[in-house]
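Here is the naming used below: chain letters follow the sequence lines, and residue numbers restart at 1 for every chain.
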Protein chains: 2
Amino acid sequence: MRPSGRPRQADIARLAGVSQPTVSLILGGTAAALGIAEETQRKVMEAAERLGYMPDPIATRLAAGQNNLLGLYTFTSTFPTEMSHAYYPFLVGIEEETAAQGYDLLMFIASSVTGERPHAQVLNRVRLADGCLFLGRHLPVPEMGRLLATDLPVVYIGRHDEFGDRLPYIGADYVSAGAAVVRHLAGLGHERILYVREADEAITSIDREAGFRGGMDECGLAAVVVRTDGTDLTPDRLRAWRDQGVTAVVTEATDTDAAHRALLAAAERAGLRFPDDLSLATLGDPRDRPKGLTGFAVPRREMGAAAVRLLTKLIAGDRTVPRHQLMTCELEPGETAAPPR
Amino acid sequence: MRPSGRPRQADIARLAGVSQPTVSLILGGTAAALGIAEETQRKVMEAAERLGYMPDPIATRLAAGQNNLLGLYTFTSTFPTEMSHAYYPFLVGIEEETAAQGYDLLMFIASSVTGERPHAQVLNRVRLADGCLFLGRHLPVPEMGRLLATDLPVVYIGRHDEFGDRLPYIGADYVSAGAAVVRHLAGLGHERILYVREADEAITSIDREAGFRGGMDECGLAAVVVRTDGTDLTPDRLRAWRDQGVTAVVTEATDTDAAHRALLAAAERAGLRFPDDLSLATLGDPRDRPKGLTGFAVPRREMGAAAVRLLTKLIAGDRTVPRHQLMTCELEPGETAAPPR
DNA sequence: CTGTCGACCTAATGCGGATTAGGGAGATGT
DNA sequence: ACATCTCCCTAATCCGCATTAGGTCGACAG
């Protein structure tokens with residue numbers, strides 16, 4: 001008994017009095033069918049029509065050797081988090097471009113795996129696809145190392161230089177964007193600008209700080225950087241900064257936004273308002289946060305699309321594409337930054 | 001040369017010094033591997049581990065008819081729309097439950113190829129997965145009909161009775177929820193309540209209206225329903241309603257929210273405020289809209305999860321599960337509805 | 001010492017279609 | 001009449017895995 005009740009090429013072949021490969025050539029082939037008699041083609045087409053034939057995509061792909069699946073794996077416990085909607089634009093870009101390239105998206109999910117190395121198993125399944133995208137602030141180095149040892153094409157969304165040239169990525173140019181924010185503030189007249197960052201040593205944090213420092217240098221200002229875990233930002237401390245002549249504060253944007261939130265809370269309790277008492281900017285995307293914040297726009301959708309394009313080129317065997325790409329972020333002036341009083 | 005660089009069962013077999021079927025039995029088999037010597041199993045497992053073997057889902061499905069992939073197909077030109085974020089909670093629920101059930105998610109994307117029947121191609125690819133979820137307000141009847149003619153298990157998220165029992169779905173109980181909103185308004189003291197809906201004849205629209213009418217009936221009030229395309233809601237008309245004694249307006253929530261927006265715009269121009277001059281509620285989820293709106297909460301995440309559970313049961317061959325399920329929506333009282341002045 | 005029974009594994013085959021090498025039949029040339 | 005050449009189509013295989021029907025070998029009973 002045939003597992004599927006649907007007609008196969010063999011059925012058509014029988015009905016049309018030809019062989020299965022002939023049917024395959026005529027139905028599937030575009031140019032290959034050129035050498036086949038019109039009459040035969042007609043018979044086969046008719047038979048196919050009559051039986052309501054639809055090629056089985058599974059069999060097609062098994063025979064064709066590729067499955068046209070792009071994997072997507074998100075580190076950092078996927079979607080149900082609060083900041084998750086920030087990933088959404090990436091998804092949109094990935095989706096659009098995946099479709100445009102003729103692939104389907106295979107999403108791998110980490111959450112169910114509660115082993116000690118939660119990513120180990122999934123990183124193995126990932127090889128189901130023809131290639132895989134990765135997304136997430138923190139990169140699990142050992143697992144990724146093993147994956148890179150295989151020949152599976154991979155693209156990371158986010159800058160990660162731990163593996164040098166071996167790990168292709170599409171990143172955002174936080175350094176330039178951070179400097180632009182500083183220039184914006186300096187242009188407004190600020191001279192004492194404070195950068196509040198978290199203790200986290202993710203590469204994006206390092207880049208942001210570098211951008212801040214670079215921008216300050218460029219403007220001939222002295223960079224002051226404060227690290228916080230969020231709990232030590234007291235209203236008193238804010239007032240002290242202000243008394244020392246600080247007119248603008250720049251916060252780091254992270255997935256938890258701990259420092260940023262703590263600062264807002266402290267300011268509120270200190271009775272300080274933005275931008276009246278202090279200007280505020282963030283080295284991140286204001287669209288994730290309450291309106292009006294000054295920052296820069298991370299082109300997430302475009303990054304997603306670019307990642308897909310890079311990945312498909314790698315899958316196609318293109319060895320000449322630049323494996324690292326940093327996309328520029330536009331400055332987003334908001335109302336929280338104004339000239340100092 | 002082998003098309004795929006990935007290791008196959010044959011490679012494991014060679015490495016472990018056994019035959020390919022033995023590998024298949026050990027790796028794939030649950031009970032079937034019982035009759036195989038421990039020593040052999042160990043060797044095979046080790047070899048598989050060493051090679052980083054992952055079964056090819058395509059081949060698996062071709063041979064066995066299942067690959068642990070759940071498809072997800074979204075009608076209604078997928079994500080980049082404005083209301084798209086409303087789909088996000090569904091995705092979250094789907095993802096969590098998919099992982100919990102041990103599946104991966106295969107997202108099918110309506111190809112940007114704008115043929116005359118954009119869904120025709122994708123609905124064929126859908127058969128890659130063991131089963132498929134569908135999401136979207138408007139169901140393409142002919143394509144779905146053809147899909148239902150195959151034996152692929154399918155679950156629709158959203159109520160659709162066009163195919164009777166043949167199309168399983170997880171829906172939201174708009175009828176009950178609509179009635180609850182009306183009861184809420186009536187409880188506040190409103191007696192003349194107007195329902196503004198769009199011309200759209202989607203089943204969800206029909207249900208909402210039924211809910212409204214049912215609620216009004218229940219409260220002994222006369223239901224008045226107005227249809228609009230959004231352009232004919234003038235400030236004058238609003239004032240006229242108010243002069244006729246209407247104290248509350250209920251709008252229909254749709255993916256475009258045309259009627260709802262038009263009403264808000266007209267009210268603004270008429271200088272009418274909610275709830276001071278008029279109470280306002282929507283037969284939809286206020287979380288999609290500006291804060292404070294009275295409506296009901298559609299349990300999207302739970303619906304997504306329920307859909308996955310239903311689908312996996314169908315895949316497992318369970319013929320006893322209820323194929324249609326309506327989930328209740330909690331009333332969400334907001335500040336736009338208050339007792340009439 | 002032979003027959004029987006398990007225990008373990010493999011040969012063979014199928015799933016549905018793509019691809020390639022090659023063969024039969026008719027036409028053409030000499 | 002025989003070699004050659006085309007034109008069309010088919011036989012054979014493969015893709016990677018699952019499944020079933022044996023087959024082999026040692027142990028143990030008779």
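- The backbone N or O of A/D165 lies less than 3.5 Å from a partner atom in the side chain of A/R323, making a donor-acceptor pair.
- Rounded to whole angstrom, the span from the NZ atom of B/K43 across to the P atom of C/dT10 amounts to 9 Å.
- Defining each end axis of the helix from C/dC1-D/dG30 to C/dT30-D/dA1 as the rotation carrying four pairs' C1' atoms onto the next four, with five pairs an end, the two axes are found to diverge by 70° to 10 degrees.
- How far CD of B/Q325 is from CE of B/M303: 9.5 Å, rounded to the nearest 0.5 Å.
- In summary, the side chains of B/D161 and B/Y169 do present a donor paired with an acceptor at a separation below 3.5 Å, with no hydrogens or angles considered.
- Note on ring orientation: taking the six-membered ring where Trp is involved, the planes of A/F134 and A/Y156 are parallel (angle under 30°, cut-offs 30° and 60°).
- In this structure, B/N67 atom CG and D/dG16 atom P are separated by 16 Å, rounded to whole Å.
- C/dG14 atom P lies 21 Å from atom CZ of B/R61, rounded to whole Å.
- Annotation: the span from B/Q9 atom CD to B/L51 atom CG amounts to 12.0 Å, rounded to 0.5 Å.
- Following rounding to the nearest Å, A/I58 (CD1) and C/dG16 (P) show an atom-to-atom distance of 11 Å.
- At whole-Å resolution of the value, CD1 in A/I26 and C1' in C/dG17 are 14 Å apart.
- To the nearest angstrom, C1' of C/dG16 lies 13 Å from CZ of A/R14.
- Distance alone, capped at 3.5 Å, places no donor-acceptor pair between the B/T40 side chain and the B/I36 backbone.
- At least one donor-acceptor pair closer than 3.5 Å links the side chain of A/R61 to the backbone N or O of A/N67.
- The side chain of A/T60 lies closest to C/dG17 when the candidates are C/dG17, D/dC17, C/dT19.
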Quick test: give all pairs of protein nitrogen or oxygen and nucleotides 21-25 of chain C nitrogen or oxygen below 3.5 Å, distance rounded to 0.1 Å.
none

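- Counting only heavy atoms from C-beta on, B/L62 has its side chain closest to C/dG16 among C/dG16, D/dT19, C/dT19.
- A/R50 is linked by a salt bridge (Lys or Arg N to Asp or Glu O under 4.0 Å) to nothing, counting only residues two or more places apart in sequence or in another chain.
- Separating the CD atom of A/Q9 from the C1' atom of D/dC14 is a distance of 15 Å, rounded to the nearest angstrom.
- Within 6.0 Å of atom CE in A/M327, more than 12 heavy atoms from other residues, nucleotides or ligands are found, so the atom counts as buried in its surroundings.
- A/G71 and A/A129 get closest at one heavy-atom pair: N-CB, 3.4 Å.
- Panel note: side chain A/H324, backbone A/R159; no donor-acceptor pair is recorded below 3.5 Å.
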Each nucleotide N or O in nucleotides 7-9 of chain C that has a protein N or O under 3.5 Å away: list the pair and distance.
{"unit_1": "C/dC9", "atom_1": "OP1", "unit_2": "B/T40", "atom_2": "OG1", "d": "2.3"}
{"unit_1": "C/dC9", "atom_1": "OP2", "unit_2": "B/A37", "atom_2": "N", "d": "2.8"}

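- The phosphate of D/dA12 (OP1 or OP2) has no side-chain N or O of A/Q20 nearer than 4.0 angstrom.
- Classification of A/E46 and A/R42 as a salt-bridged pair holds, one side-chain N sitting under 4.0 Å from a carboxylate O.
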Please set out all donor-acceptor pairs under 3.5 angstrom arising from side-chain atoms of residues 306-314 of chain A, sequence neighbours excluded.
{"unit_1": "A/R309", "atom_1": "NH1", "unit_2": "A/E97", "atom_2": "OE1", "d": "3.4"}
{"unit_1": "A/T312", "atom_1": "OG1", "unit_2": "A/V308", "atom_2": "O", "d": "3.2"}
{"unit_1": "A/T312", "atom_1": "OG1", "unit_2": "A/R309", "atom_2": "O", "d": "2.8"}

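- Taking atom CZ of A/R8 as the reference point, atom P of C/dA18 lies 14 Å away to the nearest angstrom.
- Of the candidate nucleotides D/dA12, C/dG16, D/dG16, C/dG16 has the atom nearest to the side chain of A/A63.
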(request) Please assess B/E39 against B/K43 for the test salt bridge (Lys or Arg N to Asp or Glu O under 4.0 Å), listing each intermediate value before the final yes or no. (result) CA-CA 6 Å; B/E39 170 65 9; B/K43 276 191 308 184; 5.3 Å; no
Close N/O contacts between protein and nucleotides 24-26 of chain D (under 3.5 Å):
none

